[in-house]
Amino acid sequence: MRYSQRLILIVSFLVQISVAVGLTSWFSLKREEQAISEVSQKLHINLTEQIHKKLFNFLAFSDITNQLSLNKIKSNNFQITDITSIEQFLLKNFKLFSTTGAIDTISYGNERGEYIGAGRLPDGTLVLKIKEDKDMYLYSLDDSLKRKKLLKIRLNYDPRKRPWYQTAIANKKQSWSPVYLTFSNSELAITLAEPIYKSSGQLFGVIGTDIILKDVSKFLADLKIGKTGRIFIVERTGKVIATSDTKKNPLDEDNKKYIRLLLQNFNLTLPQQIDLKNIQKTESLTIPVQGDLKYVQISPIKDNRGLDWLLITEFSRQEFQEVDRRNFDQTIQGLSLVFIVSIIVAIVSNNFVLKPILQLIELKRDRLTGLPSRNIFVKKIERAIEKQNTFTVILIDCDRFKRINSSYSHHVGDKLLVEVAKRLKTCLDSSDSLARLVADEFAILSLKIKDENGAIALINEIVKALSPEFLINNKKIFLSSRMGIAINRAPSCEPEHLLRNADAAMLRAKQIGGCCYQIFDETMRQKTLALLELENELKTAIQNKEFLVYYQPIVELQTGNISGLEALLRWKHSVKGFISPANFIPVAEETGIILDLGIWIFKETCKQLKSWNFPITISVNLSVRQLEQPDLLDKIDEILTQTEIDTNFLKIELTESVFTENYESIKKNIRAISSP
């Protein structure tokens, strides 16, 4: 009887364990399905965020090109009615931007039906499109932009009847055209066109910049989207204009007839009740397809210039087969070992099994700092726009963070970012939102700050919080920052526009130096365009040999004698004349152009010292960027060997910024230069 009671107790205990493990296994499988669905959604969000940012950066080249073209056309350098003058300008302007690969054609058509276009063929050949009489002629060009060969003729061409021209005129502002087939390349393209008016309101014509959509497909294909993931950008009609699927082409096989494949040609089956024309927010779908599941997300892509597309991202459940198989095996093992494991072990194992899936992609919060991600921050701005008109967005960029990473380690850099996030939190109100956007860039959304005074007060608190030293792994690190402020006062503003405005202000703060912040205004965009134009002119100036070396005497105040000379870089622009070093040196430093300029001025100084052949010392400045070059010493040795100068009469000077920047990473070069 006692044996039977013991057996009953043992069996009862085993049954309880079996039921507990069985329930745990059942809940594990249910949670697995939920986890896979959540992971798929996070993959879609992450991918959508990447595509939006890269696509708008790609399309921004059209806006920049148009603005530079309009600024030039509206200047007094030539008459806008002189089609020959416009032809030369468009050719030179296109040649300047053709290196980006994003621009296909820059066009101008006027109200009289005259047309000029500068573009490129797929093989890189520069071409001129020009209307003569009633027809348009396509010429290839040589390196000097002279007509080389007639390639094509398009009969009865009138730019005023083209979609890009008509769209800009109808909207009376900068607008995207419908998608069309190009004449020169037979490729799908879209044009950003802007009308030009006289002061009286009479139309001059339309300037336009073409983007080839095949280039959009290229960067979609380069994105990492797993083994089964695919991306489509489609019109509201369902016609595909770009895709990550390299096996598909938005044109038919013979590449002659203008046919864009419909959505079903890509084996993407959507429920009939989904109307693409009416989708105004992100839609998520789970679609069964032949024993498999497709996780699909549809998101609008819009801007204020008429762009209205849909982004479709797709993942198959096959993407998670390996995870499924591992979870299933571990569940079976748990059931097999039911008599030798405890409930606690079963629960711990269950959590351990699901952990890899739940942590596969964490998009809601930044893993390093625990702050919200860019996607969540944008949604908070959207809610702020819906609730109120006036609020403030601040972007914060940590200066010299890349150098800190390279000098110490990424581990130190990560710890530094965590500490920065902690200090920033101490400056904020409970209603404020802090996020980490990318790398060393943070963002603040303040609903209470509604004017410049409030924003400046918060900036001062942030500067005060970040000024004390950071002690990371027994290393003292001092960190400064640059901040851009954008104050929203318009109820219809887009979140991305606010972020772009704050980013432009932050960039301006970096460029002017000194002040740690800038508040966005409408003139800032024009200044950014001017700096971009200056950067392009700097590259051209090197090719055209527009730089000169002036030698400034160094005079001893006590004796009045000349003790030496200092080599100074001067730029004589072919049109603008002399440009102040204060204007172009910072741009050269930031873009890296200073590296080529620095070696050139060093070589010119050595050649001059050799040609003078009398004992006088010349000083040459080296920038921080040059001192960071690993091959700097080799280049200096090569120049000294070629010129055979007496190095006792050559001084290399360093500015104080060398010691406030990343001194540890350049100390080796400084010691080598100073050694005999």
Side-chain angles (χ1 to χ4, degrees), residues 48-49 51-71 102-103 163-179 189-197 206-211 213 216 233-236 241-242 276-282 298-311 374-375 377-393 395 445 484 486-505 507 520-529 532:
T48 300
E49 183 179 322
I51 295 169
H52 271 264
K53 185 174 182 180
K54 194 158 187 177
L55 178 62
F56 281 108
N57 286 341
F58 184 81
L59 296 177
F61 281 106
S62 297
D63 185 25
I64 293 172
T65 306
N66 276 359
Q67 291 302 318
L68 292 177
S69 299
L70 286 170
N71 291 342
I103 305 301
W164 57 274
Y165 192 102
Q166 293 180 342
T167 302
I169 297 303
N171 295 334
K172 295 183 179 180
K173 66 175 184 177
Q174 190 179 68
S175 304
W176 288 107
S177 73
V179 176
I190 186 171
T191 301
L192 184 63
E194 184 162 349
I196 309 171
Y197 296 97
V206 175
I207 192 82
T209 302
D210 300 352
I211 295 288
L213 294 175
V216 178
I233 296 179
V234 305
E235 291 184 323
R236 292 284 181 171
I241 58 178
L276 298 180
K277 294 182 180 179
N278 293 324
I279 291 181
Q280 301 300 325
K281 61 180 182 178
T282 300
I298 309 175
S299 303
I301 302 176
K302 289 186 175 184
D303 69 4
N304 58 359
R305 292 169 294 193
L307 193 70
D308 188 10
W309 293 341
L310 293 173
L311 171 65
R374 179 188 180 92
N375 187 65
F377 189 74
V378 168
K379 289 183 178 179
K380 289 186 177 183
I381 297 178
E382 289 176 349
R383 289 195 293 269
I385 293 173
E386 293 173 358
K387 292 181 179 179
Q388 64 185 73
N389 293 344
T390 307
F391 57 87
T392 298
V393 173
L395 291 191
L445 169 63
I487 300 175
N488 179 68
R489 295 185 174 93
S492 60
C493 185
E494 294 291 332
E496 290 295 340
H497 292 173
L498 275 175
L499 288 174
R500 280 202 296 268
N501 293 346
D503 189 66
L507 179 62
F520 177 81
D521 56 43
E522 293 302 324
T523 62
M524 201 163 289
R525 185 185 179 205
Q526 294 299 325
K527 291 179 181 178
T528 302
L529 289 172
L532 177 61

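Taking the side-chain hydrogen bond (donor to acceptor under 3.5 Å, both in side chains) definition, one finds that Ser177 meets it with nothing, sequence neighbours left out. Here Ala193 pairs with Trp164, Ala168, Thr191, Val206 under the side-chain contact (heavy atoms from CB on, under 4.5 Å) rule; sequence neighbours left out. With sequence neighbours excluded, the residues that form a side-chain hydrogen bond (donor to acceptor under 3.5 Å, both in side chains) with Arg236 are Asp308. With sequence neighbours excluded, the residues that form a side-chain contact (heavy atoms from CB on, under 4.5 Å) with Glu496 are Arg374, Val378, Leu499, Arg500. Legend: residues meeting side-chain contact (heavy atoms from CB on, under 4.5 Å) with Pro163, ordered by chain and number and at least two apart, are Pro178. Remark: Thr282 engages Ser299 in a side-chain hydrogen bond (donor to acceptor under 3.5 Å, both in side chains) (not counting sequence neighbours). Remark: Asp503 pairs with no residue by the side-chain hydrogen bond (donor to acceptor under 3.5 Å, both in side chains) rule, at least two apart or across chains. In this view, Lys173 and Asn171, Ser175 satisfy the side-chain contact (heavy atoms from CB on, under 4.5 Å) rule, not counting sequence neighbours.
Between Arg383 and Lys379 there is a side-chain heavy-atom pair separated by less than 4.5 Å. Looking at Leu59 and Asp303, their side chains never come closer than 4.5 Å, going by heavy atoms from C-beta outward. Counting only heavy atoms from C-beta outward, the side chains of Ile211 and Leu192 never approach each other to under 4.5 Å. You'll find the side chain of Ile301 reaches within 4.5 Å of the side chain of Phe56, heavy atoms only.
When every heavy atom of Ala384 is checked against every heavy atom of Leu445, the shortest pair comes out as CB-CD2, 4.4 Å. Closest of all the heavy-atom pairs between Ile233 and Trp309 is CG2-CE3, 3.6 Å. Scanning all heavy atoms of the two residues, the minimum distance from Val216 to Ala242 falls at CG1-CB, 3.9 Å. In terms of heavy atoms, Phe520 sits closest to Ala505 at N-CB, 3.8 Å.
Annotation: the span from Leu395 atom CG to Leu507 atom CG amounts to 11.5 Å, rounded to 0.5 Å. Distance check, rounded to the nearest 0.5 Å: CD of Gln174 to CD1 of Ile207 gives 11.0 Å. Atom OG1 of Thr209 sits about 3.5 Å away from atom CG of Asn66, to the nearest 0.5 Å. For the atom pair CD of Glu494 and CD1 of Ile385, the computed distance is 6.5 Å after rounding to the nearest 0.5 Å. The line from CD1 of Ile51 to CG of Leu311 is 4.5 Å long, rounded to the nearest 0.5 Å. Here CD1 of Ile190 is found 6.5 Å from CG of Leu213. Values are rounded to the nearest 0.5 Å.
Within 6.0 Å of NZ in Lys302 there are more than 12 heavy atoms belonging to other residues, nucleotides or ligands.
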